[in-house]
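No experiment lies behind these values; they were computed from the predicted model shown.
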Amino acid sequence: MVRMRALVEAVADRRAWVLGAPEFVDDTDEGGLRTVGCLMRLCAVEDPVGARIDREVDEAHLAEVTYVLDELRVLSEQLDVEIGVELDRDSVGWIASGVLDEGLRDGLLGEWQRGLSP
């Protein structure tokens, strides 16, 4: 938990963020499940009427997410731990011993990059 807090605080200060820096999370739900990690705020891909967000914002968010995932990858490798990644409370993948799984590499990042292709 201490290393995760330090990572979140460090990355928050290293760059400008579209919707604010990531925040450290240490929360336990009613069922006793503890979540320790990083919360990032992202714009929805489409606005309420279905129009896509500005491409520059989408690219900036992708860069932010890629940066944070790389920092989490390094932490996972150093501590030999698994880190789960969620988007809107749905699991999108895992980082295990410094390796992003297919859900993150191809599903999250790959699809995002393909969606930005001209």
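Atom CG in Leu100 sits 12.0 Å away from atom CD in Glu102 (nearest 0.5 Å). Taking CG of Asp58 as the start and CD of Gln113 as the end, the distance is 11.0 Å to the nearest 0.5 Å. A distance of 7.5 Å separates CE of Met4 from CZ of Phe24, quoted to the nearest 0.5 Å.
Remark: Glu86 does not engage Arg89 in a salt bridge, criterion side-chain N to carboxylate O under 4.0 Å.
In this structure, Val18 shares a hydrophobic cluster with Leu19, Ile53, Val57, the cluster being traced through Ile, Leu, Val, Met, Phe, Trp and Tyr side chains under 4.5 angstrom apart.
Under a cut-off of 6.0 angstrom, the local environment of CD in Glu111 is crowded, with over 12 non-hydrogen atoms contributed by other residues, nucleotides or ligands. Environment of CZ in Arg41: sparse, with no more than 12 heavy atoms of neighbouring residues, nucleotides or ligands closer than 6.0 Å. Under a cut-off of 6.0 angstrom, the local environment of CG in Asp29 is crowded, with over 12 non-hydrogen atoms contributed by other residues, nucleotides or ligands.
At least one side-chain heavy atom of His61 sits less than 4.5 Å from a side-chain heavy atom of Trp112. Between Leu104 and Leu109, the closest side-chain pair of non-hydrogen atoms is not below 4.5 Å.
Heavy atoms only, all atoms of each residue included: Val25 and Cys38 are closest at CG2-C, 4.4 Å. Across all their heavy atoms, Val8 and Pro22 have their closest contact at CG1-O, 3.8 Å.
Following chains of ILVMFWY side-chain contacts shorter than 4.5 Å, one can reach Val85 starting from Met1, so the two form part of one hydrophobic cluster. Residues Val92 and Leu116 share a single hydrophobic cluster, defined by chaining ILVMFWY side chains whose heavy atoms lie under 4.5 Å apart. Note on Met40 and Leu87: same hydrophobic cluster, where clusters join Ile, Leu, Val, Met, Phe, Trp and Tyr whose side-chain heavy atoms are under 4.5 Å apart, directly or indirectly.
Residues forming a side-chain contact (heavy atoms from CB on, under 4.5 Å) with Trp94 (at least two apart in sequence, or on another chain): Glu82, Ser91, Asp101.
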Let me check something: any side-chain donor-acceptor pairs from residues 69-80 under 3.5 Å, sequence neighbours excluded? List them with distances.
from, atom 1, to, atom 2, distance (Å)
Asp70, OD1, Arg73, NE, 3.0
Asp70, OD1, Arg73, NH2, 3.3
Glu71, OE1, Arg14, NH1, 3.3
Ser76, OG, Val81, O, 2.6
Ser76, OG, Ser97, N, 3.1
Ser76, OG, Gly98, N, 3.0
Gln78, OE1, Arg3, NH2, 2.5
Asp80, OD1, Ser97, OG, 2.5

